[in-house]
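Written out below as structure tokens is the structure these notes cover.
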Number of protein chains: 2
Amino acid sequence: MAHSRGSDRSHDPTAYPPFAVSADLVVLTVRDDELCALVVRRGEEPYAGRLALPGGFVREGEDLREAAVRELAEETGLTPGDVHLEQLATYGAPGRDPRMRVVTVAHLALAPDLPTPAAGSDAAEAEWRPVDELLVDGLAFDHATLLRDGVERARGKLEYTPLGAAFCRPEFTVAELRRVYEIVWGTRLDPRNFHRKVTRTEGFLEPAGSTTTRDGGRPAQLFRRGRVELLYPPILRRAPQS
Amino acid sequence: MAHSRGSDRSHDPTAYPPFAVSADLVVLTVRDDELCALVVRRGEEPYAGRLALPGGFVREGEDLREAAVRELAEETGLTPGDVHLEQLATYGAPGRDPRMRVVTVAHLALAPDLPTPAAGSDAAEAEWRPVDELLVDGLAFDHATLLRDGVERARGKLEYTPLGAAFCRPEFTVAELRRVYEIVWGTRLDPRNFHRKVTRTEGFLEPAGSTTTRDGGRPAQLFRRGRVELLYPPILRRAPQS
DNA sequence: ATAATAGTGTCTCTTAGACAATATTTC
DNA sequence: GAAATATTGTCTAAGAGACACTATTAT
């Protein structure tokens, strides 16, 4: 935003270099016991043939989140009702796009594992790939950085918010939620202590009232995500080194 | 960032509406027992005469953080060596600047209480104002939102990082650090428990070796900020309701 | 019955919070 | 000495982690 000083033209926005602004998406899910991200294969230069995060330019009259929501729907058919969506960070190093100056506002989406979009649909070209693989293979542009930052954000969010549930179906078991934590954090968690912890953390889970045996063994209670935004106490990572 | 699909011009950045991109600053400090933010008075329309956060347009060839660092230096004389600086969030609602489409990348800076910049210096027009006052009075543009988000971010950071120390001089006492927590969080903390907590949290504080009586009473040890980025365990807010 | 998973209980250790008590300054 | 602040100690309660044990399903 322009500030106040001076009467020079340095605060006239029309006198400043034009940028293109895009909204890119780091869409994460847990799938086949791996943390996966949604990517599309680029058809055009630059980086033709390479994988990239989905995204597109922000339109006139469109807010940043709106653009992210639109891109998400276009690429995946998902809506904000299905996933958690938040702004991640903004990347604007000169030269990150060789064509012109592009600033991208990255957004982070956490989605349950959904059936792969039907071929022929708008979202046909998007595919899930394991994050680990994407981070070694070359993603286009600076998308590896966006992805890395998104994963790091997601890891932290699991500690302080109930967003682990955003990776699960609307009704899920404690074991399913635990697998999310284990895969996103890359650690093992004791099922018994985890169960006690999440069921006793106020507002995290709400009993759905029914049970399921889809995980085998004794029927498990189903839960929905609770109402709170922040967990107290949090579910902390990192075992005390002792 | 452009994605791959299609051969239409929808992925040609030069075909998209031009934005101006600015870097705005939420610079916070603790001063006279209040949380204060740095503001400048606008000389020009729009919002002439109103207070606004410092900031300015990102230049060609300049990265976003670079622009924030430059603005910080211009407005306050502060450098990244003196303060903590991080990206906060990006705001780009259409119409937030009536002149044209402007997307601003807000940055959060946490600074120790410094002498007010000398009149006549570059930074002469910047002044500290209590956050509470700024949030009721009308800040220009959507700056109240930026400020609110910045304060909320700072509150959270005190829990999980040693950044409370960024509000203190290079060498500070435990009591000075505690005042930072009390003022930023708006709560009272038990001096004895706080002392034990911060001095025993691995890597938070590093003894400077000397003492001071500047706070009165028995001489207090001086500390410097430790090396860790994340506190374990964190210093949690919100008393268990019980 | 066996295997599998769900869920509870118990024990120990760490930490948080309340608060007494002691230490070292200035006035 | 009185006042002020620093720092340590003690007690209690809550929570984390290890892990025994019980519960309920499928085969």
Side-chain angles (χ1 to χ4, degrees), chain A residues 33 158-160 164 168 171-182 185 187-223 228 230-242, chain B residues 33 158-160 164 168 171-182 185 187-223 228 230-242:
Chain A
D33 284 354
L158 292 201
E159 296 192 289
Y160 312 116
C168 300
E171 300 199 345
F172 54 89
T173 67
V174 171
E176 288 162 0
L177 182 61
R178 176 169 47 84
R179 283 307 287 156
V180 166
Y181 274 83
E182 291 182 332
W185 283 352
T187 60
R188 278 278 154 186
L189 297 171
D190 184 285
R192 299 159 294 184
N193 291 334
F194 184 83
H195 188 284
R196 235 188 325 112
K197 195 136 86 174
V198 298
T199 53
R200 294 201 187 160
T201 295
E202 185 72 24
F204 193 167
L205 299 180
E206 209 165 79
S210 48
T211 62
T212 182
T213 57
R214 65 191 181 212
D215 302 327
R218 169 175 166 182
Q221 282 191 266
L222 285 167
F223 294 89
V228 301
L230 284 176
L231 301 180
Y232 190 90
I235 318 269
L236 295 176
R237 260 186 299 185
R238 182 155 50 145
Q241 60 291 31
S242 101
Chain B
D33 284 354
L158 291 202
E159 297 193 289
Y160 312 117
C168 300
E171 300 199 344
F172 53 88
T173 66
V174 171
E176 288 162 0
L177 182 62
R178 176 169 48 83
R179 283 306 287 157
V180 166
Y181 275 82
E182 292 182 331
W185 284 353
T187 60
R188 279 276 154 189
L189 297 172
D190 183 284
R192 298 159 293 183
N193 291 335
F194 184 83
H195 187 282
R196 235 187 325 111
K197 195 135 88 173
V198 298
T199 53
R200 294 200 187 162
T201 295
E202 184 72 24
F204 193 167
L205 299 180
E206 209 165 80
S210 47
T211 62
T212 182
T213 56
R214 64 190 180 211
D215 301 328
R218 170 177 167 181
Q221 282 191 265
L222 285 167
F223 294 89
V228 301
L230 283 176
L231 301 180
Y232 191 90
I235 318 269
L236 295 176
R237 261 186 297 184
R238 182 155 52 145
Q241 60 292 30
S242 100

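Below, chain A is the first sequence line, B the second, and so on; all start at residue 1. All of these numbers come straight from a predicted model, not from anything done at the bench. Every heavy atom of this structure was used, including side-chain atoms; hydrogens, water molecules and symmetry mates were not.
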B:D215 CG to D:dT7 C1', in whole Å, measures 14 Å
For the side chain of B:A220, counting heavy atoms from C-beta on, which of D:dT7, C:dG17, C:dA6 is nearest? D:dT7
Look at atom CZ of A:R200 and say whether more than 12 heavy atoms of other residues, nucleotides or ligands are closer to it than 6.0 Å. no
Please step through side chain to side chain contact (heavy atoms under 4.5 Å, CB included) for the pair B:E171 and B:S210, ending with a clear verdict. CA-CA 9 Å; B:E171 300 199 344; B:S210 47; 4.0 Å; yes
Distance check needed: C:dA18 P versus B:L189 CG, whole Å only. 10 Å
Rounded to whole angstroms, how far apart are CG on A:L205 and C1' on C:dA6? 15 Å
Separation of C:dG7 atom P from A:F223 atom CZ, nearest Å, is 6 Å
Report the distance from atom CD of A:E176 to atom C1' of C:dT5, rounded to the nearest whole Å. 12 Å
Which whole-number value in Å describes the distance from B:L231 CG to C:dT15 P? 14 Å
Test of understanding: with ring-ring contact (aromatic ring centres under 6.0 Å, His included), list the residues that count as partners of A:Y160, not counting sequence neighbours. B:Y160
Can you tell which of D:dG17, C:dA18, D:dA6 lies closest to the side chain of B:R196? C:dA18
Pair B:R179 + B:E176: basic N to acidic O under 4.0 Å: no
Distance from A:L222 atom CG to A:C168 atom SG, nearest 0.5 Å? 11.0 Å
5' to 3', nucleotides 22-27 of chain C under a 4.0 Å protein heavy-atom cut-off (B base, S sugar-phosphate only, - none) gives -BBB--
Would one find a side-chain N or O of B:K197 under 4.0 angstrom from OP1 or OP2 of C:dT15? no
Would you mind classifying the nucleic acid contact of A:R192 as base, sugar-phosphate or nothing, using non-hydrogen atoms under 4.0 angstrom? base
B:H195 side-chain N/O to D:dT7 phosphate OP1/OP2 under 4.0 Å: yes
Heavy atoms only, 4.0 Å cut-off, all strands: where does A:D190 land among base, sugar-phosphate and nothing? base
5′-ward residue of the pair B:T173/B:N193 relative to DNA chain D: B:T173
Taken to the nearest whole Å, CD/A:E159 to C1'/D:dA16 is 14 Å
Among residues at least two apart in sequence or on other chains, which ones pass salt bridge (Lys or Arg N to Asp or Glu O under 4.0 Å) with A:E159? A:R237
Rounded interatomic separation in angstrom, taking CZ from B:R200 and P from C:dG17: 15 Å
Pairwise distance NE2(A:H195) to CG(A:L189) - rounded to 0.5 angstrom: 14.0 Å
